[in-house]
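What follows is a single structure, written as structure tokens, with notes after it.
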Amino acid sequence: MKPVERYNPRVEEPRWQRAWEEKKSFVVADDDPREPYYVLEMFPYPSGRIHMGHVRNYSMGDVLARYKRARGFNVLHPMGWDAFGLPAENAAKQTGSHPKAWTYANIDTMRKQLKSMGLSFDWTREFATCDPEYYQRQQKLFLDFLKAGLVTRKSSKVNWDPVDETVLANEQVIDGRGWRSGALVEQRELTQWFFKISDYSEELLIALDGLNEWPDKVRTMQRNWIGKSEGLRLLFELVPSSLTSATAIEVFTTRPDTIFGASFIALSPDHPLAAEIARADAGVRAFIDEFHRQGTATETLEKAEKQGVFTGLSVKHPVRPDRTLPVYVANFVLMDYGAGAIFGCPAHDQRDLDFARKYGLNVIPVVLPPGADPEDFSVGEQAYVGPGTIYHSEFLDGLPVEAAKSEIARYFGERRVGNRPQGTVETQYRLRDWGISRQRYWGCPIPVIHCEEHGIVPVPDKDLPVRLPDDVTFDKPGNPLDHHPSWKHVPCPICGRPARRETDTMDTFVDSSWYFARFTAPHADAPTVPARANAWLPVDQYIGGVEHAILHLLYSRFFTRAMRKTGHLDLDEPFKGMFTQGMVVHETYRDRNGEWVLPADVTLEGMGGKRRATLTATGEPIEIGSIEKMSKSKKNVVDPDEIVRTYGADCARWFMLSDSPPERDVQWTEAGIEGASRFQQRVWKLVQDMIELRGGAAAPQAAPADAAALRKLVHRTIKSVGDNIEGLRFNSAVAHIYELTNGLTRFAATLESAPSAGGIAALAEGVETLVQIIAPMMPHLAESCWAALGKAGMVADARWPEADPALLVDDSVVIAVQVNGKRRGEITVPVGAPREHTEKEALSLEPVARMLDGRAPSKIIIVPDRIVNVVI
RNA sequence: GCGGGCGUGAUGGAAUGGUAGACAUACGGGACUUAAAAUCCCGGGGCUGUAAGCCGUGAGGGUUCAAGUCCCUCCGCCCGCACCA
């Protein structure tokens with residue numbers, strides 16, 4: 001064959017991108033009669049430039065979208081921007097740029113980058129969440145939720161940075177200090193807006209069972225996050241005291257069966273009764289103040305020792321009025337779970353035991369482990385939390401734990417403290433309402449007005465959107481909206497008197513909680529067009545990082561229900577299929593000063609343990625470090641633009657899909673991307689060889705015998721690649737494509753010496769098929785090959801090839817023959833051969849006969865067309 | 001602590017309970033070349049000199065005609081949540 005000119009992605013890729021755009025290949029119509037299919041990848045935050053994680057995410061989604069299109073679906077595959085957020089404000093502070101200008105400039109850059117990857121997005125549906133057209137509808141949703149009773153306002157603790165005068169998220173508090181100012185963070189009570197997600201705790205939990213196209217891991221994480229537990233709310237009567245007028249303390253417990261082991265009561269430092277005691281008791285006051293100083297920074301909580309202070313109060317044991325229990329304030333009791341107070345049973349709860357040991361409280365075992373001797377059993381430093389039989393517990397004695405729980409619940413349910421039942425069975429959830437208030441500029445304004453006369457007044461629909469002012473400054477700490485000279489001063493919509501606009505903006509998680517619905521009608525006046533939303537949703541396949549497994553997905557599930565309640569759509573679950581992709585990782589490199597070095601600046605030599613790295617510019621030795629997620633801070637990043645420029649988008653896409661299962665991390669390597677590039681050229685060469693063969697003189701003889709085998713390979717590959725794409729096993733699909741390519745290349749080589757019309761026809765079918773099945777992954781190369789082969793139209797519009805069922809089955813099959821489960825040889829039998837035939841063939845196999853040595857086998861297992869196992 | 005996942009050649013990884021290591025990468029050998037690159041072909045889990053054979057999917061046990069796959073115990077690594085009573 002004559003040498004083939006190399007495929008040049010730099011020329012071919014932009015050409016096909018223009019062609020798709022001109023033909024509006026991926027613009028989707030809502031009234032298309034074909035069955036709808038909605039593929040969505042998590043939209044990016046416009047941080048500046050796309051990174052390899054995006055390349056991986058969008059490559060996967062694009063394969064599925066293109067494949068489903070080829071299978072005859074009307075595919076919705078949109079893209080937008082999660083564009084509000086703190087980095088824009090930080091950039092404003094650092095560089096003086098305006099958040100809006102910064103964000104839209106980033107979007108322009110990233111859009112261009114995404115377009116260079118040849119992704120089949122319907123760009124006519126693009127929006128950014130910071131577009132007033134988007135956040136106007138979000139404000140409308142907020143007001144509808146407010147009207148429907150799904151929004152509430154309450155006081156809540158926040159991390160307050162006294163220097164920056166701002167609220168910090170938990171992850172912005174490092175060692176109890178603000179991440180930017182370094183100031184000690186304080187706890188402050190602030191009145192904030194909340195979405196009542198907890199109204200849906202049970203529904204959100206139950207519905208997880210139906211999400212069978214979600215990873216189990218994600219469902220489990222959500223289950224734990226919702227954190228349902230059944231228990232008893234229980235009243236303890238206070239021993240009358242001059243310290244308080246209160247008469248009882250309410251606690252929540254999931255272990256009412258251990259009531260006879262109770263030895264103290266502990267109140268949260270935030271408990272109202274604790275506050276009351278603290279007013280008169282300096283010791284308690286000091287304890288509570290110290291607790292508040294320590295803050296909610298997670299590390300401090302985790303390491304904190306169990307500590308408490310005695311209040312001077314005591315309560316009566318609810319069954320044994322002769323016993324009293326001391327009441328403490330303890331640092332490990334949470335105010336916002338259960339009743340903000342507990343009874344401590346040290347023998348059967350580790351925290352209570354730690355506390356009891358520290359303060360010398362009784363440890364009374366009341367659950368006897370199976371087989372333990374009641375005379376001998378005692379609790380040391382390890383609380384016993386396992387199953388067992390209740391003892392030392394009067395009428396509960398002898399009952400197993402679960403039975404004792406219901407028995408004691410009934411007992412307390414019948415008794416009264418005052419006019420209330422002493423015990424009430426109750427279900428508790430860990431899930432809290434979703435606080436959405438942020439004291440920030442670059443977010444969606446909360447559309448309410450505070451009037452002295454009329455309180456909270458919703459902004460009337462006609463006044464929406466509440467636009468962010470452009471003329472803000474970031475030179476002062478605090479919320480720029482609050483400093484703005486005029487923005488917040490508005491008349492009350494009811495009385496017209498001077499009132500104050502809400503200056504808090506919404507958590508950016510709100511923006512991403514409904515964007516998937518907006519894509520179904522991105523230009524509508526209302527948040528959605530319900531008929532369209534109902535037709536497209538739920539998203540058939542959602543793809544994104546596992547870091548959003550809890551919050552984003554849970555909030556979206558809540559939003560879908562809230563939008564159903566307010567008439568914006570009519571479904572429960574937004575995402576039918578969910579897939580969490582792995583990260584892109586890379587080796588790290590450091591120079592002799594310990595500074596991180598970019599992979600692009602490093603030269604690598606050798607292999608295995610002998611690998612060496614040097615700085616390309618100077619030859620300075622470089623230390624090769626661990627393999628970690630690509631991050632700017634460790635500089636182990638590879639710029640997608642650079643890769644597209646050097647190898648082309650198709651190679652980047654192919655490599656992202658080929659090397660690892662999509663849910664696992666993939667390691668970016670130079671060798672890997674070069675392998676992709678080599679494959680690209682092989683396909684191109686194969687197509688060129690094919691064209692040359694077709695144009696040459698061929699003997700009119702029938703196809704060679706192996707043409708039949710080739711056709712089988714072709715059709716089996718159609719089947720397996722389709723199945724693998726459907727199952728999102730892209731790496732397996734790639735492997736099968738390699739096998740086909742290897743088969744075709746070898747076959748083409750044999751035709752070279754003996755060209756035959758039949759052989760060329762078989763090869764042509766195979767090559768065309770190859771071009772079609774690589775199209776979802778390497779769409780540009782596929783178009784170039786398609787055109788070179790003289791096929792009409794574009795591959796992007798071609799139907800997926802059909803596997804001929806007749807070619808998927810073989811006439812005969814090679815099956816393994818085992819003796820006692822060990823493989824001893826193989827035989828070839830016709831498919832569906834009768835048992836007798838298979839048995840005879842197997843027994844006549846030399847090693848089998850030798851091992852049998854004349855004896856009769858005791859058993860012969862035959863799995864037709866699979867395996868024979870001769871048991872001696 | 002609780003929950004989830006993973007552990008297979010030099011490396012990434014394949015394998016509805018049915019021939020372990022597909023496919024790729026790296027490596028070695030060969031062809032082509034003045035040479036190199038590129039390309040093409042061949043090789044490869046370990047042990048026993050070859051063959052026959054034996055061993056082999058983190059370790060140990062079990063279920064089964066048959067286990068990488070199912071069950072139990074343990075070890076290691078990764079991820080998530082974490083004082084939720």
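No experiment lies behind these values; they were computed from the predicted model shown. Each chain gets a letter, A, B and so on, in the order its sequence line appears, and its residues count up from 1.
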(message) I need the minimum non-hydrogen distance between N869(A) and G821(A), along with the two atoms involved.
(response)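 Closest approach of N869(A) to G821(A), heavy atoms only: OD1-N, 2.9 Å.
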Looking across every strand, which nucleic acid part, if any, lies under 4.0 Å from [X] by heavy atom: base, sugar-phosphate, or nothing?
X: V546(A); value: nothing
X: N742(A); value: sugar-phosphate
X: N869(A); value: base
X: S229(A); value: sugar-phosphate
X: T220(A); value: sugar-phosphate
X: Q818(A); value: base

It should be established whether [X] places a side-chain nitrogen or oxygen under 4.0 Å from OP1 or OP2 of nucleotide [N].
X: R223(A); N: rC81(B); value: no
X: Y738(A); N: rA22(B); value: no
X: K859(A); N: rC65(B); value: yes

(message) Tell me whether K306(A) forms a cation-pi arrangement with F332(A), defined as NZ or CZ under 6.0 Å from the six-membered ring centre and within 45 degrees of its axis.
(response) yes
(request) Flag this pair as yes if the NZ/CZ of R430(A) is under 6.0 angstrom from the six-membered ring centre of W225(A) and inside a 45 degree cone about the axis; otherwise no. (result) yes
(request) Could you please name the option among rU19(B), rC83(B), rA82(B) that lies closest to any side-chain atom of R430(A)? (result)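 Nearest nucleotide to the side chain: rA82(B).
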(message) Among rC41(B), rA85(B), rC65(B), which nucleotide has an atom closest to any side-chain atom of D349(A)?
(response) rA85(B)
(message) Can you work out whether E674(A) or F343(A) has the more 5'-proximal nearest nucleotide on RNA chain B?
(response)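 By nearest-heavy-atom nucleotide position, the 5'-most residue is E674(A).
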(message) Assuming nearest nucleotide by heavy-atom distance, tell me which of G675(A) and V870(A) is located more 5' along RNA chain B.
(response)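 In this pair, the answer is G675(A).
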Restricting to nitrogen or oxygen on both sides, can you table the protein-nucleotides 13-17 of chain B pairs closer than 3.5 Å?
from, atom 1, to, atom 2, distance (Å)
rA14(B), OP1, N731(A), ND2, 3.3
rU16(B), O4, R866(A), NE, 3.4
rU16(B), O4, R866(A), NH1, 2.5

Assess, by modelled atom type and distance only, whether the side chains of [X] and [Y] contain a donor and an acceptor separated by less than 3.5 Å.
X: Q680(A); Y: Y647(A); answer: no
X: Y738(A); Y: T717(A); answer: no
X: S198(A); Y: D433(A); answer: yes
X: E230(A); Y: T427(A); answer: yes

(request) Compute the centroid of each ring, for F509(A) and then for W434(A), and state whether the two points are separated by less than 6.0 Å. (result) no
(request) Using the criterion of both pairing distances under 3.5 Å for Watson-Crick and G-U wobble pairs, give all stems of 3 or more consecutive pairs involving RNA chain B. (result)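 So the stems come out as B:1-7 with B:75-81, B:10-12 with B:23-25, B:27-31 with B:39-43, B:45-47 with B:53-55, B:58-62 with B:70-74.
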List, with names and distances, any nitrogen or oxygen atoms from the protein found under 3.5 Å away from nitrogen or oxygen atoms belonging to nucleotides 45-48 of chain B.
none

(message) For R729(A), is there an ion pair with E726(A) - N to carboxylate O distance below 4.0 angstrom?
(response) no
(message) Do the side chains of D270(A) and K157(A) get close enough for a salt bridge, i.e. N-O under 4.0 angstrom?
(response) yes
(message) Can you pull out every salt bridge (charged side-chain N to carboxylate O under 4.0 Å, His left out) where at least one residue sits in residues 213-222 of chain A? Sequence neighbours excluded, please.
(response) E213(A)-K576(A), D216(A)-R219(A)
Might you list the N or O atoms of the protein lying below 3.5 Å from N or O atoms in nucleotides 51-54 of chain B, with each pair's distance?
from, atom 1, to, atom 2, distance (Å)
rC54(B), OP1, R824(A), NH2, 3.4
rC54(B), OP2, R824(A), NH1, 3.1

(message) For F252(A), give me all partners under ring pair (Phe, Tyr, Trp, His ring centres under 6.0 Å), at least two apart in sequence or on another chain.
(response) none
